Amino acid sequence: MAALRLILADQLSESIASLQGLDKDQDTVLLCELMEEATYVHHHPKKIAFLFSAMRHFTAGLEATGVRVRYVKLDDPANTGSFTGEVQRAVKELKLSRLIVTEPGEYRILQMMQGWQAALGIPVEILPDTRFLASHAEFAAWTKGKKQLRMEFFYRDMRKKHAILMEPDGKPTGGEWNYDKENRKPPKAGMKSPPRISHKKSAITKEVLALVKERFSHHFGMLEPFHYAVTREEALMELEHFITHLLPNFGDYQDAMVTGEPYLYHSFISSYLNAGLLLPLEICEKAETAYRAGSAPLNAVEGFIRQILGWREYIRGIYWHFMPEYSERNSLNTTRPLPDFYWGAPTDMFCVAEAVRHTRDHAYSHHIQRLMITGNFALLAGLDVKAVQEWYLAVYSDAYEWVEMPNTLGMSLFGDGGIVASKPYAASGKYIHRMSNYCEKCNYDPDEMTGEKACPFNALYWDFLVRHEDKFRGNQRMPYVFSTWDKFAPEKQKSIRAQAITTLRKMSGGTL
Ligand code: FAD
Ligand code: DLZ
Ligand code: SF4
């Protein structure tokens, strides 16, 4: 029975389930560039260009091996603009009798797929995405009987299951599961990370850049310069570069932030990994090999592997385990609209402006900028969880709902009520001052709590905690926070809260 095999933009792996058992004589593979997907949130132009170029290169690779591909370009006059429209059109025109897909990374698309069998009148097989290392059933089994779903314990099971950084006696390499206590160094003065590699633009990429420039220039973000890898070979070069030149310092400076240095020692592989150009296990194995060869220390290698084997798989597990109800959570009842400075409007907060600049220029900022600058501000200011999620989904080239939502709603905004984070990642300007050199360039003063020059994060931090005292006072992981607040004189408490009100007013008025 001739099959249509749909491949989504984030399924660009030869090992994807929907390509297995393909019959070159009968089957057709479908990839499509879709207006609906590019605009349901206004994706960053670099993200659209990366995905379109990677899809076109992936198609060329399949065709070179004799696979028949129907590739629908964005500007094809017959393009209906949606997955459903394109699948319907292909089935009708090619007279195919079954459809094979791999489960998507977004609940919205899964719902669409679940309606296709009835709409098309042919069998539709939705296959599991075996590129992930924990299946839905495995994750569900892990959650059974647990009061708290802590990533650390899930991660240990994954280490054992995949024999990563494990010794023959069943103990973790080095004797500890986690070396994070060695990993929180502030940046050194004048620190610069080694240059990143960049990739020559192919004719395909040039054509895509022209298309994206014409159609999506009004979206937030700079399209060029464009240095992304767009093939598996190029993504592997990025990975090699990271393992050789950056991994040794990854652990030490994982939380550091430096002006003008968007990547520091971070890998910048999430876009390639999430789109399927790299696979999680090969990355972990290369990192472990570097440790065993003595070219990277254990704190760096373990910390890096934990992000992929632990956090990434855990986050995906949370998304599918709790959807669709998860998306409606807003445990802190936040409602304030997203201020314009998230979209590049001026702000005197240097740290926020810098994180937004990196985002605008690269469709990337590293984890601590996402969590402790833009995320922390959104948490403290009580910004509407849906608006914040939409921002994160649109502006990062690695963003798909399965990974964006639990990170934003759960980890960053505490909007899931504490499933992902056991306490809110709330911090004052003191933390940002310690972990970055941003405050040196700022109009605000991280040591001031009140007054014109006071760092906005400071009063907002206390105001946030007091606003949500009912939720956080009893939190075992925040023992000293409320006792510090209680020791402040009532006058000081009053002026801090008044400062927070002024700060939020300035934010709404566009003058923060
Ligand atoms: P590195 O720091 O080098 O880490 C290595 C890899 O580990 C990453 O490439 C990524 O695949 C994985 N990883 C690390 N942390 C996480 C995490 N918390 N969740 C899942 N995977 C992780 N990551 C996304 O891939 N897509 C998103 O849309 C996304 N949105 C986020 C939103 C917020 C508010 C926060 C706080 C984090 C978000 N993250 C997201 C997680 C993380 O910030 C990025 O994976 C990371 O910054 C990507 O950069 P890197 O490749 O240089 O990562
Ligand atoms: C994010 C995105 C964009 C911008 N464009 C496309 C597209 O044209 N075609 C496509 O197949 N997928 C696209 N995607 C990814 C989807 O929106 C969605 O996030 C993933 O397919 C979920 O698995
Ligand atoms: Fe950010 Fe406050 Fe430092 Fe300014 S002073 S950079 S607002 S933390």
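As the structure lists them, so they are numbered: ligands from 1, and atoms in each ligand from 1. This one's a predicted model, so the numbers in the text were calculated from it and none came from an experiment. Numbering of residues begins at 1 and proceeds along the displayed sequence.
Nearest to atom 22 (C) of ligand 1 among the protein's heavy atoms is Q307 O, 3.7 Å. For atom 13 (C) of ligand 2, the closest heavy atom belonging to the protein is A9 CB, 3.5 Å. In this structure, the protein non-hydrogen atom closest to atom 17 (O) of ligand 2 is E37 OE1, 2.5 Å. With respect to atom 23 (N) of ligand 1, the closest heavy atom belonging to the protein is V403 CG2, 3.7 Å.
The ligand atoms of ligand 1 that sit less than 4.0 angstrom from a heavy atom of L371 are 36 (C). For ligand 1 and M411, the ligand atoms under 4.0 Å from any heavy atom of the residue are 18 (N). Near L51, meaning under 4.0 Å from any of its heavy atoms, are these atoms of ligand 2: 1 (C), 2 (C), 3 (C). Within ligand 1, the atoms closer than 4.0 Å to a non-hydrogen atom of L273 are 11 (O), numbered from 1 in the order shown. Under a 4.0 Å criterion applied to the non-hydrogen atoms of I315, ligand 1 contributes the atoms 19 (N). Of all the atoms in ligand 1, the ones that sit under 4.0 Å from a non-hydrogen atom of T408 are 32 (C), 34 (C). Each of the following atoms of ligand 2 lies closer than 4.0 Å to a heavy atom of A38: 4 (C). For ligand 2 and Y400, the ligand atoms under 4.0 Å from any heavy atom of the residue are 19 (O). The contact set between ligand 1 and N274, taken as ligand atoms under 4.0 Å from a residue heavy atom, comprises 24 (C), 25 (O), 26 (N). Taking a cut-off of under 4.0 Å to the non-hydrogen atoms of F250, the atoms of ligand 1 that pass are 1 (P), 2 (O), 3 (O). Atoms of ligand 2 lying under 4.0 Å from at least one heavy atom of P104, given by number and element, are 23 (O). Every atom of ligand 1 with a heavy atom of S270 under 4.0 Å away is listed here by number and element: 9 (O), 25 (O), 48 (C), 49 (O), 51 (O). Residue-ligand proximity, F83 to ligand 2, at heavy-atom distances under 4.0 Å covers atoms 10 (C), 11 (O), 12 (N).
Salt bridge annotation for R131-D129: present, with a cationic side-chain nitrogen under 4.0 angstrom from a carboxylate oxygen. With respect to E401 and R108, no salt bridge is recorded, no charged nitrogen being found less than 4.0 Å from a carboxylate O. Ion pairing between E390 and K386 fails under the 4.0 Å rule for side-chain N and carboxylate O. At a threshold of 4.0 Å, the pair R232-E282 counts as salt-bridged, since one of the basic side-chain nitrogens sits closer than that to a carboxylate oxygen. Salt-bridge formation is detected for the pair D180/R184: a Lys NZ or Arg NE/NH1/NH2 atom is positioned less than 4.0 Å from an Asp or Glu carboxylate oxygen. With salt bridges taken as basic N to acidic carboxylate O contacts below 4.0 Å, none links R316 and E313. Ionic pairing of E404 and R370 is not present here: no N-O contact between side-chain nitrogen and carboxylate oxygen is shorter than 4.0 angstrom. Using a 4.0 Å cut-off between charged nitrogen and carboxylate oxygen, K73 and E207 count as a salt-bridge pair. Look at K185 and D252 and you find a salt bridge, because one of the NZ, NE, NH1 or NH2 atoms lies within 4.0 Å of a carboxylate O, short of that distance.
The closest approach between E404 and ligand 2 stays at or above 4.0 Å for every heavy atom of the residue. Within the 4.0 Å heavy-atom shell around ligand 1 one finds F268. Distances shorter than 4.0 angstrom occur between a heavy atom of F52 and an atom of ligand 2.
Of the candidates T102, L74, D10, the one placing a heavy atom closest to atom 23 (O) of ligand 2 is D10. When the heavy-atom distances from atom 47 (O) of ligand 1 to R312, H367, E238, R306 are ranked, the shortest goes to H367. Of all the listed residues (N79, L8, L110, I109), I109 holds the heavy atom that lies closest to atom 18 (C) of ligand 2. With distances taken over non-hydrogen atoms, the option nearest atom 44 (C) of ligand 1 out of M372, R370, Q389, H366 is R370.
At least one N or O atom of N407, backbone or side chain, sits closer than 3.5 Å to an N or O atom of ligand 1. Polar contact check, I7 against ligand 2: no nitrogen or oxygen pair lies under 3.5 Å apart. Checking only distances, I48 never comes within under 3.5 Å of ligand 2, N or O to N or O. Residue contacts with ligand 2: E33 is placed with no nitrogen or oxygen under 3.5 Å of a nitrogen or oxygen of the ligand (distance criterion only). Between L34 and ligand 2, at least one N/O pair is under 3.5 Å apart.
Between F377 and L512, the closest side-chain pair of non-hydrogen atoms falls below 4.5 Å.
For CG of D75, the number of neighbouring non-hydrogen atoms (other residues, nucleotides, ligands) closer than 6.0 Å is greater than 12. For K430, the NZ atom sits in a loose shell: 12 or fewer heavy atoms of surrounding residues, nucleotides or ligands are nearer than 6.0 Å.
In this structure a side-chain-to-backbone donor-acceptor pair under 3.5 Å is missing from S397 to K47. Formation of a donor-acceptor pair under 3.5 Å by the S53 side chain with backbone atoms of V208 is not found in this model. Put simply, the side chain of K46 gets close to the backbone of M222: a donor and an acceptor are under 3.5 Å apart.
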Give the intermediate values and the outcome of side chain to side chain donor-acceptor pair (under 3.5 Å) for residues E152 and Y314. CA-CA 9 Å; E152 183 63 30; Y314 165 85; over 6 Å; no
Test Y364 against Y263 for ring pair (Phe, Tyr, Trp, His ring centres under 6.0 Å), laying out the working first. CA-CA 8 Å; Y364 175 88; Y263 310 103; 4.9 Å; yes
Using side chain to side chain donor-acceptor pair (under 3.5 Å), reason through Q369 and Y438 one step at a time and then give a plain yes or no. CA-CA 11 Å; Q369 292 177 301; Y438 295 157; 3.0 Å; yes
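Only protein N, O or S atoms were scored, and 1 of them lie under 2.8 Å from atom 4 (Fe) of ligand 3.
Using a 4.0 Å cut-off between heavy atoms, D398 contacts ligand 1 through both its backbone and its side chain. Here Y364 has side-chain heavy atoms under 4.0 Å from ligand 1, and that is the only part of it that gets that close. Contacts between H43 and ligand 2 below 4.0 angstrom, taking non-hydrogen atoms only, involve the side chain exclusively. Contacts between F304 and ligand 1 below 4.0 angstrom, taking non-hydrogen atoms only, involve the side chain exclusively. The proximity of R108 to ligand 2, defined as any non-hydrogen pair under 4.0 Å, is limited to the side chain.
Smallest separation of non-hydrogen atoms from R196 and L246: NH1-CD1, 3.4 Å. Shortest non-hydrogen contact noted between Q114 and I126 is CG-CD1, 4.1 Å.
Results of the ring pair (Phe, Tyr, Trp, His ring centres under 6.0 Å) test with F139 over F132, Y319, F154 single out F154 as the only residue that passes.
To the nearest 0.5 Å, atoms NE2 (H241) and CG (L247) are separated by 12.0 Å.
Annotation: Y392 is not in aromatic contact with Y342 [ring centroid separation under 6.0 Å not met].
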